[in-house]
Amino acid sequence: MDLQLQGKRALITGSSAGLGEAIAIMLADEGATVIIHGRNPERAAAVASSICKRGGLAEVAIGDLSTDTGADEVGQSALAGGPVDILVNNAGAYEHFNWTTALPAQWLKTYETNVLSGVRMIQRLLPQMRARKWGRIITIGGGLATQPVSGHPEYSATLSARHNLAVSLARELKGSGVTSNVVAPGAIRVKAVEDLLIAAAPKYGWGTSWEEIEKGAVADIVQNDIGRLGKPEEIAGAVAYLVSSYADYISGATIRVDGGTVRTVA
Ligand SMILES: NC(=O)c1ccc[n+]([C@@H]2O[C@H](COP(=O)([O-])OP(=O)(O)OC[C@H]3O[C@@H](n4cnc5c(N)ncnc54)[C@H](OP(=O)(O)O)[C@@H]3O)[C@@H](O)[C@H]2O)c1
């Protein structure tokens, strides 16, 4: 199958680690030039270099997307090498707050990092996609957007906002040749999630090996039909499909990649 990504340029925000890194590797393997982004230059450069070593094309853009100036820097770096055809709004952060500890300042910070980060990049990159009459904007959402739990409410709310804005954007893009869609992961095994689960293990009595912790987490907090956490490349596969020509007729949609964690029909 040829996803027809040869010659396309893709900015994947937050691709210096985790899901973004896996998405960047897959899009580069499919022939796209990928722009690796994060706040930490060394980590981003290491991912870009590993992609180049496997024969891919990778550039780097650095900046804090929770600020306008950081987003300006990222937009300028990304566009310096040519137009950007594909924007994957993936950068984001999640921490362990609850209804007592998540104070308004934390809600605002999380909104800046997880929602306005994506809005900023859309506003900087969409005009040139519209002008060229082709583009793909993917928003990484999550199961907590539609099925929140009691913990980290400030984070779940940002996922809902991401899902919502991506559909609004799809309507705005009517007839433009640019589409907007969501990929909604369940709990995916990246280092940040491993760290959270390892820290939670004593409270739940899951044991100490990763196998015990994953089994306990699936039983107690991320119940799903497949019986494990997801893999980053399973998210990358959904993104690769949505940015390919096979998804020309899809806009305003959500693909869940969560093993069946979210239980609703729609
Ligand atoms: N993993 C999951 O189970 C899961 C499930 C649902 C949704 N998600 C969403 O998927 C996205 C990626 O998550 P992940 O698990 O891969 O997390 P991760 O491993 O912690 O990676 C987060 C990435 O975002 C970047 N980043 C964080 N804050 C930033 C900021 N203010 N400005 C610019 N870049 C920033 C980080 O780079 P630097 O640290 O270098 O800045 C890093 O590259 C997040 O938006 C998350 O909400 C993840």
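This is a predicted model, so every value here is computed, not measured. Start at 1 with the first residue, then count along the sequence. Note that ligands are numbered from 1 as they come in the structure, with each ligand's atoms numbered from 1 the same way.
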ask   = If you measure from the Lys or Arg side-chain nitrogens to the Asp or Glu carboxylate oxygens, is any gap between D68 and R120 under 4.0 Å?
value = yes
request  = Sequence neighbours left out, what passes ring-ring contact (aromatic ring centres under 6.0 Å, His included) with Y111? Give chain and number order.
outcome  = none
query = Quick one: do the D64 and T67 side chains pair a donor with an acceptor below 3.5 Å?
reply = no
For atom 14 (P) of ligand 1, closest protein heavy-atom neighbour = Y94 OH, 3.6 Å
query = Can you list the ligand 1 atoms lying under 4.0 Å from a non-hydrogen atom of T113?
reply = 28 (N), 31 (N)
inquiry  = Return the closest protein heavy atom for atom 16 (O) of ligand 1 as residue, atom name and distance.
reply    = L19 N, 2.8 Å
message = Counting only heavy atoms, tell me which of A24, G186, G92, S15 gets closest to atom 4 (C) of ligand 1.
response = G186
key: Shortest protein heavy-atom distance from atom 25 (C) of ligand 1, along with the residue and atom involved   = G14 CA, 3.7 Å
ask   = Quick one: which ligand 1 atoms are inside 4.0 Å of a heavy atom on D64?
value = 30 (C), 31 (N), 32 (N)
request  = For atom 11 (C) of ligand 1, state which one of V88, N90, I140 supplies the nearest heavy atom.
outcome  = N90
message = Under a 4.0 angstrom heavy-atom cut-off, which atoms of ligand 1 come close to R162?
response = 45 (O), 47 (O)
task = Return yes if a side-chain donor-acceptor contact under 3.5 Å exists between T264 and R256, otherwise no.
result = yes
remark   = Ranked by distance from atom 19 (O) of ligand 1, the top protein heavy atom is G18 CA, 3.6 Å
key: Nearest heavy atoms of M121 and V74, plus distance in Å   = CE-CG1, 3.8 Å
remark   = Taking only non-hydrogen atoms of V193 and a 4.0 Å limit, the atoms of ligand 1 in range are 1 (N), 2 (C), 3 (O)
